[in-house]
Visitor: 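The structure is given below, and queries will be raised subsequently.
Both backbone and side-chain heavy atoms feed into the values below; hydrogens, waters and symmetry mates do not. This chain uses plain numbering: 1 for the first residue, then up along the sequence.
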Amino acid sequence: MNLIEINSIIDKVILEFEESPVDFFNNGAKGELLYLNQMKSSYIRTIVDIVSSVPPNKNIKVLEIGSFLGIVSIVLSKIGYEVYSTELPEFISNKNLQRKLEENGVSYHQVNLKNYSLPFSPNTFDIVIMCEVLEHLNFNPIPIIKEINRIEKINGLFYLSLPNLASLGNRIKLLRGQSIHNRIEDYFLELNPDVKWVGAIHWREYTITEISEMLDKFDFYIDKQYYFDSSDLLKISWSLKALLKKAILSMFPSLKGNQTTIGRKTKNSVYKFFFSEATLPGNFSPKHDLDSSVIRSADRIMN
């Protein structure tokens with residue numbers, strides 16, 4: 001399957017959403033339709049990478065974590081994978097979205113990642129995809145990576161895409177003395193029942209080396225890492241600003257706005273956590289994890 005074919009399928013799926021929007025918040029879906037077109041280059045990148053790494057086959061089980069409108073999941077299902085998707089209950093409970101996923105053979109599940117649990121058996125998936133999700137987690141993400149290791153097969157593909165903390169845009173903001181994080185106003189918007197701006201905040205972005213470190217500790221071998229900008233796939237304007245940006249990013253790819261990591265699971269992780277919400281049954285052992293006198297002191301404080 002070539003780039004032209006993939007682009008055509010994505011266009012058709014986006015057109016179906018434009019003709020019959022999900023409209024999460026009953027506001028005409030203007031924001032959703034704008035988002036779809038802004039994300040098109042990312043959809044193309046992801047599908048091309050997946051197809052190039054693991055050719056379509058109905059025996060290949062794919063899980064997309066944080067599928068949002070489900071474009072990637074739907075496209076992968078259309079081209080021949082067995083696809084599952086997860087999303088926050090606030091989104092996946094939408095009947096319009098459920099209908100679109102069902103019509104395209106995508107199995108969906110309500111999952112809030114801060115519960116540190118994915119509702120799947122060990123060694124289930126050949127591919128796990130998590131695009132533009134990690135930066136939205138306002139809690140320690142490490143146990144989620146372990147969960148992905150648990151549900152993925154040995155040699156399974158872990159596809160992780162997210163913003164690049166060290167991007168040109170972020171560096172320019174810092175040089176101007178501006179914050180690279182969301183505005184304080186955004187924190188209030190996310191909690192405002194009239195706005196319904198769920199999950200829109202980037203709580204923590206990462207560098208590509210931090211992603212490598214994270215995956216390495218959970219026994220993922222890094223197949224490939226690269227930086228990405230929408231102009232890599234889509235036509236850019238001929239304005240001086242756009243051309244200058246293109247030239248700079250061509251010379252210094254590490255300044256691009258997004259990054260992609262493709263890893264493969266080498267073995268089941270035995271990494272343990274301690275003294276936090278991430279502690280799972282069997283992970284806490286006073287004998288090995290902490291001196292008993294410290295535990296007694298902590299127990300007195302807590303009780």
Side-chain angles (χ1 to χ4, degrees), residues 3 6 10 35 38-54 62-68 71-72 75-76 113 127-142 144-146 148-149 152 156-175 178-182 199-234 236 242 245-266:
L3 178 60
I6 290 172
I10 292 173
Y35 176 85
Q38 287 178 337
M39 293 297 293
K40 182 182 175 182
S41 61
S42 296
Y43 299 146
I44 296 172
R45 173 212 62 207
T46 300
I47 302 300
V48 168
D49 282 345
I50 296 300
V51 170
S52 300
S53 301
V54 184
V62 180
L63 171 66
E64 184 183 10
I65 298 174
S67 57
F68 194 43
I71 303 297
V72 169
V75 172
L76 289 175
L113 294 178
I127 303 171
V128 175
I129 300 169
M130 193 158 72
C131 294
E132 283 65 57
V133 172
L134 196 65
E135 69 274 14
H136 293 286
L137 305 186
N138 61 346
F139 47 87
N140 193 324
I142 295 302
I144 297 301
I145 307 301
K146 183 178 181 180
I148 291 170
N149 174 284
E152 194 158 40
L157 196 77
F158 181 23
Y159 187 88
L160 181 61
S161 179
L162 65 159
N164 172 26
L165 176 63
S167 69
L168 177 62
N170 281 350
R171 293 176 189 232
I172 290 174
K173 286 181 180 178
L174 288 173
L175 286 173
Q178 299 171 345
S179 174
I180 61 174
H181 301 294
N182 277 74
I201 292 177
H202 287 199
W203 292 95
R204 167 73 152 90
E205 294 183 1
Y206 301 83
T207 65
I208 209 164
T209 54
E210 289 175 323
I211 295 300
S212 294
E213 179 182 1
M214 199 180 300
L215 266 60
D216 179 68
K217 289 184 181 295
F218 288 98
D219 304 297
F220 286 98
Y221 170 79
I222 304 298
D223 265 358
K224 182 179 180 181
Q225 281 189 307
Y226 68 92
Y227 297 97
F228 175 78
D229 183 79
S230 59
S231 63
D232 293 343
L233 289 173
L234 301 180
I236 64 170
K245 177 185 175 185
K246 181 74 173 177
I248 292 173
L249 296 183
S250 296
M251 291 187 290
F252 305 102
S254 61
L255 297 179
K256 291 182 178 181
N258 292 80
Q259 56 172 302
T260 296
T261 297
I262 303 175
R264 289 189 181 273
K265 173 181 170 179
T266 60

Visitor: Taking the side chain as every heavy atom from C-beta outward, state whether Ile222 and Asp216 have any atom pair closer than 4.5 Å.
Guide: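 No, too far: nothing below the 4.5 Å cut-off.
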Visitor: Nearest 0.5 Å please: distance from the OG atom of Ser179 over to the CG atom of Leu174.
Guide: 8.0 Å
Visitor: I'd like to check Asn258 versus Glu132 (side-chain heavy atoms, cut-off strictly below 4.5 Å). Are they in contact?
Guide: yes
Visitor: At what distance, to the nearest 0.5 angstrom, does CG of Leu113 lie from CD1 of Ile144?
Guide: 4.5 Å
Visitor: What's the separation between atom CZ in Phe228 and atom OG in Ser41, rounded to the nearest 0.5 Å?
Guide: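 With rounding to 0.5 Å, CZ (Phe228) is 4.0 Å from OG (Ser41).
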Visitor: Looking at NZ of Lys173 and CD1 of Ile180, how far apart are the two atoms once the value is rounded to the nearest 0.5 Å?
Guide: 8.0 Å
Visitor: Is there side-chain contact between Tyr159 and Thr260, with heavy atoms separated by less than 4.5 Å?
Guide: yes
Visitor: Report yes if the side chains of Glu135 and Arg204 come closer than 4.5 Å at any heavy-atom pair, otherwise no.
Guide: no
Visitor: Quick check: closest heavy atoms across Thr207 and Gln259, and the distance to 0.1 Å?
Guide: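 Heavy atoms only, the tightest pair is C-NE2, 3.7 Å.
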Visitor: Could you measure the distance from the CG atom of Leu137 to the CG atom of Leu162? Nearest 0.5 Å is fine.
Guide: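 That separation rounds to 10.0 Å.
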Visitor: For the side chain to side chain contact (heavy atoms under 4.5 Å, CB included) test, which of Pro141, Pro163, Ser212 pairs with Tyr206?
Guide: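 Looking at Pro141, Pro163, Ser212, the match for Tyr206 under the side chain to side chain contact (heavy atoms under 4.5 Å, CB included) is Pro141.
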Visitor: Quick one: sort the Tyr35 and Phe68 rings into parallel, tilted or perpendicular, breaks at 30° and 60°.
Guide: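 Tyr35 and Phe68: perpendicular rings.
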Visitor: Does the distance from a Lys or Arg side-chain N to an Asp or Glu carboxylate O, for Asp229 and Lys245, drop under 4.0 Å?
Guide: yes
Visitor: Between Asn164 and Ser254, is there a donor-acceptor pair closer than 3.5 Å when you use the side chain of the first and the backbone of the second?
Guide: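 Checking the backbone N and O of Ser254 against the side chain of Asn164, a donor-acceptor pair under 3.5 Å is found.
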Visitor: Using every non-hydrogen atom in the two residues, find where Ile262 and Ser53 come nearest and quote the distance to one decimal.
Guide: CD1-OG, 4.4 Å
Visitor: Specify the closest pair of heavy atoms between Ile145 and Met214, including all atoms of both residues, with the distance to one decimal.
Guide: CG1-SD, 3.9 Å
Visitor: Report yes if the side chains of Val48 and Leu233 come closer than 4.5 Å at any heavy-atom pair, otherwise no.
Guide: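 No, side chains not in contact.
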Visitor: With distance as the sole test, does Arg171 use its side chain to make a donor-acceptor pair with the main-chain N or O of Ala166 at under 3.5 Å?
Guide: yes
Visitor: For the atom pair NZ (Lys146) and NZ (Lys217), what is the distance rounded to the nearest 0.5 Å?
Guide: 14.0 Å
Visitor: Run the side-chain hydrogen bond (donor to acceptor under 3.5 Å, both in side chains) check on Tyr226 and Asp232 step by step: do they pass?
Guide: CA-CA 12 Å; Tyr226 68 92; Asp232 293 343; over 6 Å; no
Visitor: Under the side chain to side chain contact (heavy atoms under 4.5 Å, CB included) test against Leu76, which residue among Val62, Thr46, Ile71, Ile127 passes?
Guide: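 With Leu76 as partner, Val62, Thr46, Ile71, Ile127 yield a single side chain to side chain contact (heavy atoms under 4.5 Å, CB included), made by Val62.
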Visitor: If you define the side chain from C-beta out and look only at heavy atoms, does anything of Arg45 sit under 4.5 Å from Cys131?
Guide: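 Yes, their side chains come closer than 4.5 Å.
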Visitor: Using atom types as modelled and distance alone, determine if a side-chain donor or acceptor of Thr266 lies under 3.5 Å from a backbone N or O of Asp219.
Guide: yes
Visitor: Any non-hydrogen side-chain atom of Phe218 less than 4.5 Å from a side-chain atom of Ile148?
Guide: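 Result no, sub-4.5 Å side-chain heavy-atom pair not found.
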Visitor: Could you check if a side-chain atom of Ile211 sits within less than 4.5 angstrom of a side-chain atom of Gln225, using non-hydrogen atoms only?
Guide: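 Yes. Closest side-chain heavy atoms under 4.5 Å.
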Visitor: For residues Phe220 and Glu152, report the shortest heavy-atom separation together with the two atoms involved.
Guide: CE2-OE1, 3.3 Å
Visitor: Between Asn182 and Ile201 (side chain of the first, backbone of the second, donor and acceptor by atom type, cut-off under 3.5 Å), is there such a pair?
Guide: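 Not a single qualifying donor-acceptor pair exists.
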